[in-house]
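Following: one structure in structure tokens, then a few remarks.
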Amino acid sequence: WRPMETIASSDGYREYQLEAHKIITDVIESAINKYQKVKEAEKKTLAEGEPTAAAEKLGGQESSSEKAQEQLQSVDGIPNIRWPSSREFVMDTGLKAIEQFVETWERDQSWKYCIDFLHQDGAKYHYRVMWSVPSRRKPIPRATGSVYFTIYVHPDSDHPVSAYYVFEAQRLVHRPGHSRFREKWLKDIIESKILTMEAISV
């Protein structure tokens, strides 16, 4: 079997990577548009001197979102971390934050992972966390499962960065503190790959 570096650079992984980036980018663009509407509503409110129902509603949603980012756990007890502020963010800061975050995931200790910075696209930083279960008999894993992270840095802001992630070959975008990690998600990715490889080799 190929080493992890070779596997990660294969065409299949490149396809998953591009798909994950597109899915998350769409979500981020939607969030940015909502954020801009909130700011426009706030400006309008200040200019008129009276709050509008829309401004109160949007402003309340944004305020709750910002507070949730700063908490270590959500109201449902889902583990999270204190994400770095946008103003202090650099590429290495993202690596450390993602490592700290995935360490909150409850999983068997046999799982190993490596985190790679993929590229920067404006205010968006893309990373990949590659998971596997190596053993003494098979130190090089037959298959791996990846989780693609995108960190959005709010321009000229002290607000915490916004983090999004998606599991390989899936379309559901997760937010830290909003969904509880399931080890089964990684197992399903790897088992599906092994079954596919075995079917091809027959």
Side-chain angles (χ1 to χ4, degrees), residues 1-31 74 76 78-81 83 91-121 124-152 161-202:
W1 300 99
R2 295 172 292 178
M4 287 184 71
E5 302 84 40
T6 306
I7 294 175
S9 62
S10 66
D11 291 340
Y13 272 81
R14 179 63 176 168
E15 181 179 343
Y16 286 132
Q17 177 180 321
L18 292 173
E19 181 180 9
H21 290 172
K22 183 181 184 304
I23 293 171
I24 293 178
T25 296
D26 290 343
V27 172
I28 292 175
E29 292 300 328
S30 175
S74 71
D76 296 322
I78 300 173
N80 198 0
I81 66 168
W83 291 85
M91 183 269 288
D92 286 340
T93 307
L95 289 171
K96 294 176 182 177
I98 292 172
E99 180 179 9
Q100 185 182 359
F101 175 65
V102 299
E103 282 298 324
T104 68
W105 291 357
E106 295 182 4
R107 62 186 189 280
D108 189 272
Q109 292 303 309
S110 60
W111 286 98
K112 305 299 178 185
Y113 66 87
C114 64
I115 306 174
D116 297 305
F117 171 69
L118 299 177
H119 70 276
Q120 179 184 354
D121 178 17
K124 297 186 287 291
Y125 291 73
H126 301 279
Y127 301 82
R128 177 185 60 220
V129 185
M130 187 178 295
W131 295 85
S132 65
V133 187
S135 63
R136 290 186 178 181
R137 283 190 172 186
K138 296 180 179 179
I140 299 177
R142 296 182 66 188
T144 63
S146 293
V147 184
Y148 294 96
F149 279 79
T150 294
I151 294 179
Y152 176 74
V161 298
S162 296
Y164 307 80
Y165 60 100
V166 61
F167 286 80
E168 181 179 337
Q170 297 182 11
R171 299 191 61 83
L172 178 62
V173 177
H174 300 266
R175 291 288 307 277
H178 291 260
S179 59
R180 190 180 300 278
F181 169 75
R182 297 287 186 269
E183 186 176 337
K184 184 178 183 298
W185 297 339
L186 289 175
K187 287 182 177 179
D188 287 347
I189 294 171
I190 291 178
E191 289 174 0
S192 176
K193 287 184 177 180
I194 292 176
L195 288 174
T196 299
M197 288 186 289
E198 289 176 346
I200 293 174
S201 61
V202 172

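Along the sequence shown, residues carry numbers from 1. Atoms considered below: every heavy atom in the structure, side chains included; atoms not considered: hydrogens, waters and symmetry mates.
- Val102 pairs with exactly one of Phe181, Phe149, Trp111 by the side chain to side chain contact (heavy atoms under 4.5 Å, CB included) rule, that one being Phe149.
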Legend entry - Verdict with supporting geometry, His174 and Phe167, ring-ring contact (aromatic ring centres under 6.0 Å, His included): CA-CA 9 Å; His174 300 266; Phe167 286 80; 5.5 Å; yes
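- Interatomic distance, Ile190 CD1 to Leu195 CG, rounded to the nearest 0.5 Å: 12.0 Å.
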Inset, instruction - Might you work through the side chain to side chain contact (heavy atoms under 4.5 Å, CB included) test for Phe101 and Thr104, ending with a clear yes or no? - result: CA-CA 6 Å; Phe101 175 65; Thr104 68; 4.1 Å; yes
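- Taking CG of Asn80 as the reference point, atom CD of Gln100 lies at 9.5 Å (rounded to 0.5 Å).
- Atom CZ of residue Arg128 and atom OG of residue Ser146 lie 5.5 Å apart, to the nearest 0.5 angstrom.
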Inset, instruction - Determine, stepwise, if the pair Arg142 / Glu198 fulfils salt bridge (charged side-chain N to carboxylate O under 4.0 Å, His left out). - result: CA-CA 11 Å; Arg142 296 182 66 188; Glu198 289 176 346; 3.4 Å; yes
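- The nearest pair of heavy atoms linking Glu99 to Tyr113 is CG-OH, 3.5 Å.
- Annotation: Tyr165 is not in aromatic contact with Tyr127 [ring centroid separation under 6.0 Å not met].
- Residues Tyr148 and Val129 fail the side-chain proximity criterion, which asks for heavy atoms closer than 4.5 Å.
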Inset, instruction - Determine, step by step, whether His119 and Asp121 satisfy the side chain to side chain contact (heavy atoms under 4.5 Å, CB included) criterion, reporting the C-alpha distance in whole Å, the side-chain angles of both residues, the deciding distance to 0.1 Å, and the verdict. - result: CA-CA 7 Å; His119 70 276; Asp121 178 17; 4.3 Å; yes
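- The two residues Ser110 and Val133 make their nearest non-hydrogen contact at OG-CG1, 3.7 Å.
- Under the 4.5 Å side-chain criterion, counting only non-hydrogen atoms from C-beta, Val147 is not in contact with Val166.
- The cationic group of Arg175 lies under 6.0 Å from the six-membered ring centre of Tyr164 and within 45° of the ring axis, placing it in a cation-pi geometry.
- Between His126 and Phe117, the distance separating the two ring centers is not shorter than 6.0 angstrom.
- At least one donor-acceptor pair under 3.5 Å links the side chain of Glu183 to the backbone N or O of Asp108.
- In this structure, OG1 on Thr144 lies 4.0 Å from NZ on Lys193, to the nearest 0.5 angstrom.
- The structure places CD1 of Ile194 at 12.0 Å from CD1 of Ile189, a figure rounded to the nearest 0.5 Å.
- At distances below 3.5 Å, at least one donor-acceptor pair connects side-chain atoms of Arg107 with backbone N or O atoms of Trp105.
- The two atoms that bring Ser132 and Ala143 nearest to each other are CB-O, 4.2 Å, heavy atoms only.
- Considering CD of Gln170 and CG of Asp188, their distance stands at 8.0 Å, rounded to 0.5 Å.
- For Thr196 (side chain) and Ser192 (main-chain N/O), a donor-acceptor pair under 3.5 Å exists by modelled atom type.
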